[in-house]
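Counting starts at 1 for both ligands and their atoms, following the listed order. Everything numeric in this text was worked out from a predicted model, so none of it was measured.
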Amino acid sequence: MKLLVTNIARIVGLRPADTERVCGAAMAELPELENAWLLAVDGRIAAYGPMTEPCTEPADRTVDAEGGMLFPSFCDSHTHLVYAGSREQEFLDKINGLSYEEIAKRGGGILNSADRLHETSENELYAQAMERVREIVAMGTGCVEIKSGYGLTTEDELKMLRVIRRIRETAPLEVRATFLGAHAVARGYVGRQAEYVDLVCREMIPAVAREGLADFVDVFCDQGFFTVEETERIMRAGAEYGLVPKIHANELAVSGGVQAGVRHGALSVDHLERMDEAAIEALRGTRTMPTMLPGAAFFLGMSYPPAREMIAAGLGVALASDYNPGSSPSGNMKTVVSLACIRMRMTPAEAINAATLNSAYAMGLSRDFGSITVGKVANFFLTKPMPSVAFFPYAYTTPVIRRVFLRGQEVA
Ligand code: NIG
Ligand code: FE
């Protein structure tokens with residue numbers, strides 16, 4: 001199957017095949033080609049060039065971009081989009097003055113979602129999650145990481161991960177799965193946190209590995225949740241089964257979670273609303289991708305991660321949505337890019353790199369996804385005609401994404 005896209009005002013995010021991520025000052029560059037065509041063959045990018053030198057290959061299908069731009073699909077490297085129901089009651093609690101931690105302490109938050117998930121069948125969970133998947137595909141996401149963590153019992157964690165596997169098998173986008181049994185201490189273990197960590201390490205991780213249900217292991221390493229010591233124990237248990245860590249760190253406090261993640265070779269450390277110089281320093285020269293989730297900072301009214309300081313320190317940074325019912329009930333990556341520009345002073349080029357190539361890296365996928373590169377999977381979207389690339393985050397609620405292609409097929 002040969003798909004030819006013509007009359008593209010600008011192809012955005014062209015990269016050589018060996019660029020696995022972009023760091024520091026290089027994040028400000030977003031290589032482009034004006035007035036171009038692109039050819040995809042059997043789901044991969046085969047060639048591109050200027051309209052002044054048209055494609056000579058005969059195509060099975062030609063799509064006229066009508067002067068819109070072509071972007072690589074977003075890679076959303078941190079979501080919790082498998083969940084049951086919604087939590088707008090807590091939204092009201094927050095409006096009335098309660099904090100995220102206070103809601104959690106009262107048995108709301110993650111435990112509330114765990115109760116609902118327990119009562120929801122696997123089929124129903126899948127149906128609810130697929131609605132969200134269809135929504136994010138239409139908004140330009142082509143790769144997504146999905147976490148468990150609303151099960152909190154072995155059986156329910158496996159249920160969630162099986163739903164993620166089914167999404168992976170049936171949805172048009174690329175999916176990676178993360179086991180997050182240590183998202184909160186399960187209700188039955190309140191006051192017995194060490195025993196819950198035992199359960200995660202001795203029972204859940206081996207069971208998850210036995211069924212091959214996860215690529216990564218995550219821990220909510222933060223004040224009021226899991227300690228650095230517990231996080232390290234869980235990372236070690238995961239490593240025995242080949243699970244690479246991706247850690248929730250420094251959302252509520254300077255928790256030491258960043259350094260712990262780096263020590264254990266985490267692929268990413270995520271959230272980072274509370275950073276200090278030591279945490280930034282710990283990331284320098286490592287393979288760990290600091291990942292920011294400005295949708296959560298926005299929704300919870302928290303301070304934003306220090307993106308400028310991290311980029312100035314030479315780090316690459318990634319952006320993800322954190323799509324979940326408590327702290328970020330949105331998987332809109334275009335809005336995430338806008339928030340990064342508006343609230344963290346990232347340039348449009350930096351934010352787009354962070355939401356495509358660097359977030360692909362944060363899922364171990366940047367060899368095949370995250371940029372317009374010959375040989376990579378043909379995941380891209382076409383926009384309406386726009387005056388410039390900066391218009392994309394600037395017009396922060398305008399639905400400029402017009403057509404979505406995944407693996408060279410039009411899917412939305
Ligand atoms: O990434 N911080 C921990 N976990 C999620 C929130 C989960 C929830 O509130 O349901 C997050 O923000
Ligand atoms: Fe999260």
Could you check [atom] against the protein and tell me its nearest heavy-atom contact, residue, atom and distance included?
{"atom": "atom 12 (O) of ligand 1", "result": "Ser327 OG, 2.5 Å"}
{"atom": "atom 2 (N) of ligand 1", "result": "Glu251 OE1, 2.7 Å"}
{"atom": "atom 3 (C) of ligand 1", "result": "Phe220 CE2, 3.2 Å"}

Using a 6.0 Å cut-off, check whether atom [atom1] of [X] has over 12 heavy atoms from anything other than its own residue.
{"X": "Arg403", "atom1": "CZ", "value": "yes"}
{"X": "Arg345", "atom1": "CZ", "value": "no"}
{"X": "Arg192", "atom1": "CZ", "value": "yes"}

**Asked** Do Arg233 and Phe226 meet the cation-pi criteria used here (NZ or CZ under 6.0 Å from the six-membered ring centre, within 45° of the axis)?
**Response**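 Relative to the ring axis of Phe226, which defines the angle, Arg233 lies outside at least one limit.
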
**Request:** Examine Lys334 relative to Phe392 and say whether NZ or CZ is less than 6.0 Å from the centre of the six-membered ring and inside a 45° cone about the ring axis.
**Result:** yes

**Prompt:** So which heavy atom on Val317 is nearest to which on Met346, and how close?
**Reply:** CG2-CE, 3.8 Å

**Asked** Which pair of heavy atoms, one from Pro325 and one from Ser113, lies closest together, and at what distance?
**Response**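 Minimum heavy-atom contact is CG-OG, 3.5 Å.
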
**Request:** Specify side chain, backbone, both or neither for Tyr83, according to which of its non-hydrogen atoms lie closer than 4.0 Å to ligand 1.
**Result:**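 Looking at Tyr83 and ligand 1, no heavy atom falls under 4.0 Å.
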
**Asked** For ligand 1, which part of Tyr100 has a heavy atom less than 4.0 Å away: the side chain, the backbone, both, or neither?
**Response**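 It is the side chain that touches ligand 1; the backbone stays farther off.
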
**Request:** Enumerate the atoms of ligand 1 whose separation from the nearest heavy atom of His78 is less than 4.0 angstrom.
**Result:**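 Ligand 1 atoms under the 4.0 Å threshold to His78: 1 (O).
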
**Item:** Per-atom contacts of ligand 1 with Tyr150, taking only distances under 4.0 Å to non-hydrogen atoms
**Value:**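 Counting atoms of ligand 1 from 1, those under 4.0 Å from Tyr150 are 7 (C), 8 (C), 10 (O).
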
**Request:** Specify whether an N/O/S atom of Asp322 falls short of 2.8 Å from the Fe ion (ligand 2).
**Result:** yes

**Message:** Let me check your reading of the structure: within less than 2.8 Å of the Fe ion (ligand 2), is there an N/O/S atom from His271?
**Reply:** no

